[in-house]
J.: 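Take a look at this one; I'll ask things after.
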Amino acid sequence: RWVSARQNRGRERSLVRPDVSPSGARWAVHVSIAVAALVLVVVGVIPWAADHVAHEAYETTANGTLLPPAKALADLRRAERLNPLESTYPSLIAAGESQEAQNSLDPIQATNLLAQAVSSLKQALRLLPNDVLFMASVAENYTAWAKYNHVLYPRAQQWWTRTIALDPTDYQMHLNYAQTLADWAGVGNARARATEVQQLQLVATMRPGDASVWMHLAGAEQGAGNVAAERHALEEALKDNPSEAGATTLLAAATASPTAVLGPPSPP
């Protein structure tokens, strides 16, 4: 009986499940919850902190003036480091770099700033591909850069073509592209002048009642040597805005001397 009793107790012990400490399980759950909460806080706080730093770039000083450009750019770059997934920051950095390039009297410094602006915008496009405004800004910065280095005009043209392909009905994009072509034609590219005329003719069909567009077209036609087309554009400008003094003067000159070289159109 004694031997049987020991054997039965052994079998019963083998069937009993090992003791699991409830305190250990609760500790693991609490740690998991704490880690998850920390991650949520970090994910929420970092974008807020980046926005706060970026906002500081546009705050006024005690005397009511804006921060120095270098300080504003430093704040924007710090915001970008805090939240590198936000496309707004590199685009704002590019705008600041482009503005600094316009204000610079040093060609080397200006070209370096424009190169940085293009790089910043391409970073924004990596975060937000095919954004039309970012692409147009790349084209504009290449145009500004090409004024120092003419070999970059084809690069600007490529970006304008890509931009317009995404939004072909935006007349302002066509106007800006035409301005790039006018600059390019101004340094001796006759093919650019012909493309400029085509772009402005397209804008004129989009906005037939806009006298400023016809004035731009008149200037382009004059640059291309198309006297009759220039006269027609001037007449259309006067039809839309009879008080357009520039059109009146140029049209009178064209009528008096059809072969005379006419001046550039008045600004819009």
Side-chain angles (χ1 to χ4, degrees), residues 91 94-95 98 102 117-118 121 124-125 128-147 152-187 189-255 262-268:
S91 68
S98 179
Q102 292 180 31
V118 168
L121 286 164
L125 280 169
L128 197 63
N130 293 330
D131 183 279
V132 173
L133 294 180
F134 291 170
M135 294 178 72
S137 294
V138 173
E140 288 171 348
N141 279 280
Y142 267 125
T143 299
W145 193 357
K147 293 178 182 179
L152 291 173
Y153 276 115
R155 191 75 57 84
Q157 183 180 36
Q158 291 171 2
W159 278 92
W160 278 124
T161 302
R162 289 175 58 186
T163 304
I164 289 172
L166 290 174
D167 191 3
T169 61
D170 189 334
Y171 80 93
Q172 190 62 53
M173 296 298 179
H174 291 278
L175 276 178
N176 292 343
Y177 178 30
Q179 183 58 57
T180 296
L181 293 165
D183 294 341
W184 195 3
V187 295
N189 191 304
R191 296 175 65 182
R193 180 72 72 189
T195 309
E196 177 199 5
V197 169
Q198 293 173 358
Q199 288 296 311
L200 290 172
Q201 287 174 340
L202 179 59
V203 177
T205 63
M206 294 179 176
R207 297 176 63 82
D210 190 334
S212 65
V213 172
W214 288 108
M215 291 298 292
H216 278 296
L217 179 56
E221 296 285 14
Q222 184 273 325
N226 303 327
V227 178
E230 177 194 9
R231 188 180 296 115
H232 170 71
L234 292 171
E235 290 170 350
E236 291 294 328
L238 284 172
K239 184 187 301 182
D240 298 324
N241 184 10
S243 63
E244 177 61 66
T248 302
T249 302
L250 294 174
L251 186 58
T255 303
L262 303 182
S266 62

J.: Which word best sums up how the rings of Y153 and W184 line up, parallel for under 30°, tilted for 30 to 60°, or perpendicular for over 60°?
T.: parallel
J.: Which atom names give the shortest non-hydrogen contact between F134 and S91, and what distance separates them?
T.: CE2-CB, 3.4 Å
J.: If you round to the nearest 0.5 Å, how far is CD of E196 from CZ of R191?
T.: 15.5 Å
J.: Who are the salt bridge (charged side-chain N to carboxylate O under 4.0 Å, His left out) partners of E140, not counting sequence neighbours?
T.: none
J.: Taking P208's backbone N and O only, do any of them form a donor-acceptor pair with W214's side chain (distance below 3.5 Å, no angle check)?
T.: yes
J.: Donor-acceptor pair, N241 side chain versus A237 backbone, under 3.5 Å?
T.: no
J.: Mind checking whether Q179 and D183 have side chains closer than 4.5 Å, heavy atoms only?
T.: yes
J.: Quick one: CG on L152 to OG1 on T143, what's the gap to the nearest 0.5 Å?
T.: 9.5 Å
J.: Side chains of V132 and M173, heavy atoms from C-beta outward: is any pair under 4.5 Å?
T.: yes
J.: Within this structure, what is the CD-CD distance for the pair Q199 and Q201, rounded to the nearest 0.5 Å?
T.: 10.0 Å
J.: Could you walk me through whether M206 and V213 pass the side chain to side chain contact (heavy atoms under 4.5 Å, CB included) check?
T.: CA-CA 10 Å; M206 294 179 176; V213 172; over 6 Å; no
J.: Show the nearest heavy-atom pair for residues A94 and L121, with the distance to one decimal.
T.: CB-CG, 3.4 Å
J.: Could you please spell out the steps behind the side chain to side chain contact (heavy atoms under 4.5 Å, CB included) verdict for L175 and L200?
T.: CA-CA 7 Å; L175 276 178; L200 290 172; 3.7 Å; yes
J.: Just how far is it from atom CG of L251 to atom CD of E244, taken to the nearest 0.5 Å?
T.: 11.5 Å
J.: How long is the gap from CE on M215 to CG on D240, to the nearest 0.5 Å?
T.: 11.5 Å
J.: State, to 0.1 Å, how close A218 and E230 come at their nearest heavy-atom pair, and which atoms those are.
T.: O-CG, 3.5 Å
J.: Looking at every non-hydrogen atom in both residues, tell me the closest pair between S98 and A117 and how far apart they are.
T.: N-CB, 4.2 Å
J.: Hey, can you pull the donor-acceptor pairs under 3.5 Å for the side chains in residues 160-167, sequence neighbours left out?
T.:
{"residue": "W160", "atom": "NE1", "partner": "T180", "partner atom": "OG1", "Å": "2.8"}
{"residue": "T161", "atom": "OG1", "partner": "Q157", "partner atom": "O", "Å": "2.9"}
{"residue": "T163", "atom": "OG1", "partner": "W159", "partner atom": "O", "Å": "2.7"}
{"residue": "D167", "atom": "OD1", "partner": "T169", "partner atom": "OG1", "Å": "3.4"}

J.: To the closest 0.5 Å, what do you measure between CG (L217) and CG (L234)?
T.: 9.0 Å
